Protein chains: 2
Amino acid sequence: MDKLNVKIAGEIALSEAPGSTMKKWREIFGITQAELGEHLKISASTISDYEGNRRKSPGIVVVHRFVDALIALDTGKGGSVTRRFREQEQETKFFEAGEFTQAVNAADFAKLIDAKCVVNSEILGQKKLYGYTLLDSIKVIMEMPYTEFPKLFGASPERAFIFTEVSTGRSPMVVVRVTQMKPSVIVMHKLEKVDKLAVKIAQVEKIPILTTKIDIEEMKGRLQKI
Amino acid sequence: MDKLNVKIAGEIALSEAPGSTMKKWREIFGITQAELGEHLKISASTISDYEGNRRKSPGIVVVHRFVDALIALDTGKGGSVTRRFREQEQETKFFEAGEFTQAVNAADFAKLIDAKCVVNSEILGQKKLYGYTLLDSIKVIMEMPYTEFPKLFGASPERAFIFTEVSTGRSPMVVVRVTQMKPSVIVMHKLEKVDKLAVKIAQVEKIPILTTKIDIEEMKGRLQKI
DNA sequence: ACCCCACTTCGACAATAGCCAAACCTCCCG
DNA sequence: CGGGAGGTTTGGCTATTGTCGAAGTGGGGT
């Protein structure tokens, strides 16, 4: 059952003037009484009766059909309203952080996620991780306001940054270079060969770079088990 | 209108078997038909009629009363169920963030919320604020998962952290000291005298501390106007 | 001025909700 | 075993809902 549907239905059901609430939602969806009536196979005047609060306690079946009709008609038109509400619901998520309950050695971490160390492998074993942050590199770079950057650290800066949607791996490293964010380890998801500048940055910053090809959900699952 | 109420009402309204859903919720609340009936001044058998789905489309007024009764009865018993759901549903409710549309000087900000600067007042005028974060200090320390910390920053780290429910002000400052969160200004709500260690931390971190006694809702109102 | 569209208002009527009381189940427990 | 607590079932009565169509209102647009 969809959250938006439940919300609309709930609002109508708890309203002192259910009809007015129905009207509000119909208008939000930009649907005319006639359209609605046609879809529901009832006359437009019936809709108006409801919206005018002629029925003080419409049955929930009416409410149910009403809500479904709004969604269905909206979907038929491209679903713009529905989409807007769904988007509103989920706060823009640029990243996902997780913490480990105990320190994890970076080399063990690499094994866990089937990763290969492509840069600075000699210092990998020295790094400890207390958590990880999964980031969509495109989104981080293109959409995330720079003021959000400090957020990426989560509880501890001693963590792995796992970049997804990387092409050459250069941009993520540039970001690491020019900002305060200095993770212990960087994982590039599904990266073929690492950009030269990226390698240089990693060396200067003394951050090992790992690459892995396992599925993201699979990876999250494995990390959760720590 | 409360979210939990809307959710229950919405679920009932959209259910194929509304009575069963009503029953489910009554049981979740651990209320007997008799209790419910008494509260609603209808017979228990009527409740059973509904729960047995004898009415295919109960009116929303019935649903409304039903939901209200559940909440009221639960509240009368201490509100444990209600509380549990609220906690479950809003993990992010540890804090409330707001952004200003323009930079605000910290000294002006202090005036706006009737605050007095008790530490580092000489640098107050140098600080700029782009937003604020209201936090319940007890909750933040006791209940907030580490992974939520980064969210506190909102759009910009140059903001005021307004701690409510403070006793001496020491713990919030310790948190600031040991984590990455370094706001521009810290406001302690209704704090009598500031703890000595807190003062020291503030000096080390160069963060002014303000205190104010105005009502929180009043404060939110004033901040919204910026 | 005229018309169309979106919407409102209202009388009518069959179908259903809303409610009760009384009888009936079913555990659980001393 | 006996009884009480919690729940279900059913017939029955009245108040409302669910629905229509016809007639009416008001704001554009041409």
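Because only heavy atoms are used, hydrogens play no part in the values below, and waters and symmetry mates are left out as well, while side chains stay in. No experiment lies behind these values; they were computed from the predicted model shown. The sequence lines fix the lettering, A, B, ..., with proteins before strands; numbering per chain opens at 1.
At whole-Å resolution of the value, CZ in A:R65 and P in D:dT17 are 16 Å apart. We find that CD1 of B:I31 is positioned 19 Å from P of D:dA5, with the value rounded to whole Å. C:dT26 atom C1' lies 14 Å from atom CD of B:Q33, rounded to whole Å. Distance CD (B:E51) to P (D:dG7): 7 Å, rounded to an integer number of Å. We find that CD of B:E38 is positioned 14 Å from P of D:dG7, with the value rounded to whole Å. To the nearest angstrom, P of C:dC7 lies 14 Å from CE of A:M22. Following rounding to the nearest Å, A:F66 (CZ) and D:dT17 (C1') show an atom-to-atom distance of 17 Å. Atom OH in A:Y50 sits roughly 16 Å away from atom C1' in C:dT8 (whole-Å rounding).
The nearest heavy atom of DNA chain D to B:E27 and to B:S57 marks one nucleotide each, and the one closer to the 5' end goes with B:E27. Comparing B:T46 and B:R55, the nucleotide of DNA chain D nearest to each residue sits closer to the 5' end for B:T46.
A salt bridge between A:K24 and A:E27 is absent, with no side-chain N of the basic residue lying under 4.0 Å from a carboxylate O of the acidic one.
Checking the phosphate oxygens (OP1, OP2) of D:dG18, no side-chain nitrogen or oxygen of A:K41 falls inside 4.0 Å. At D:dT8, one or more side-chain N or O atoms of B:K23 fall inside 4.0 Å of OP1 or OP2 (strictly under the cut-off). A close approach under 4.0 Å does not occur between any side-chain nitrogen or oxygen of B:R26 and OP1 or OP2 of D:dG6.
For B:D49, the listed nucleotide lying nearest its side chain is D:dT10; candidates were D:dT10, D:dG7, C:dG11. For A:S48, taking side-chain heavy atoms from C-beta onward, the closest of the listed nucleotides C:dG18, C:dT8, D:dG11 is C:dT8.
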*Give the intermediate values and the outcome of salt bridge (Lys or Arg N to Asp or Glu O under 4.0 Å) for residues A:K77 and A:E35.*
CA-CA 12 Å; A:K77 290 180 184 176; A:E35 274 180 285; 3.2 Å; yes
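Residue A:G52 is out of contact with every strand shown, counting any heavy-atom pair closer than 4.0 Å.
In terms of polar N and O atoms assigned as donor or acceptor, the side chain of A:T32 never comes within less than 3.5 Å of the base of C:dA6 in a complementary pairing. Taking 3.5 Å as the limit, the base of D:dG21 and the side chain of A:S45 contain a donor-acceptor pair of atoms between them. Donor-acceptor pairing under 3.5 Å, judged by distance alone, is present between the side chain of B:R54 and the base of D:dG11.
Between the side chain of A:S57 and the main chain of B:V61, a donor-acceptor pair closer than 3.5 Å is present.
With no hydrogens or angles considered, a side-chain donor-acceptor pair links A:T46 and A:S43 at under 3.5 Å.
In terms of heavy-atom proximity, B:K127 sits nearest to B:V185 at CB-CG2, 4.2 Å.
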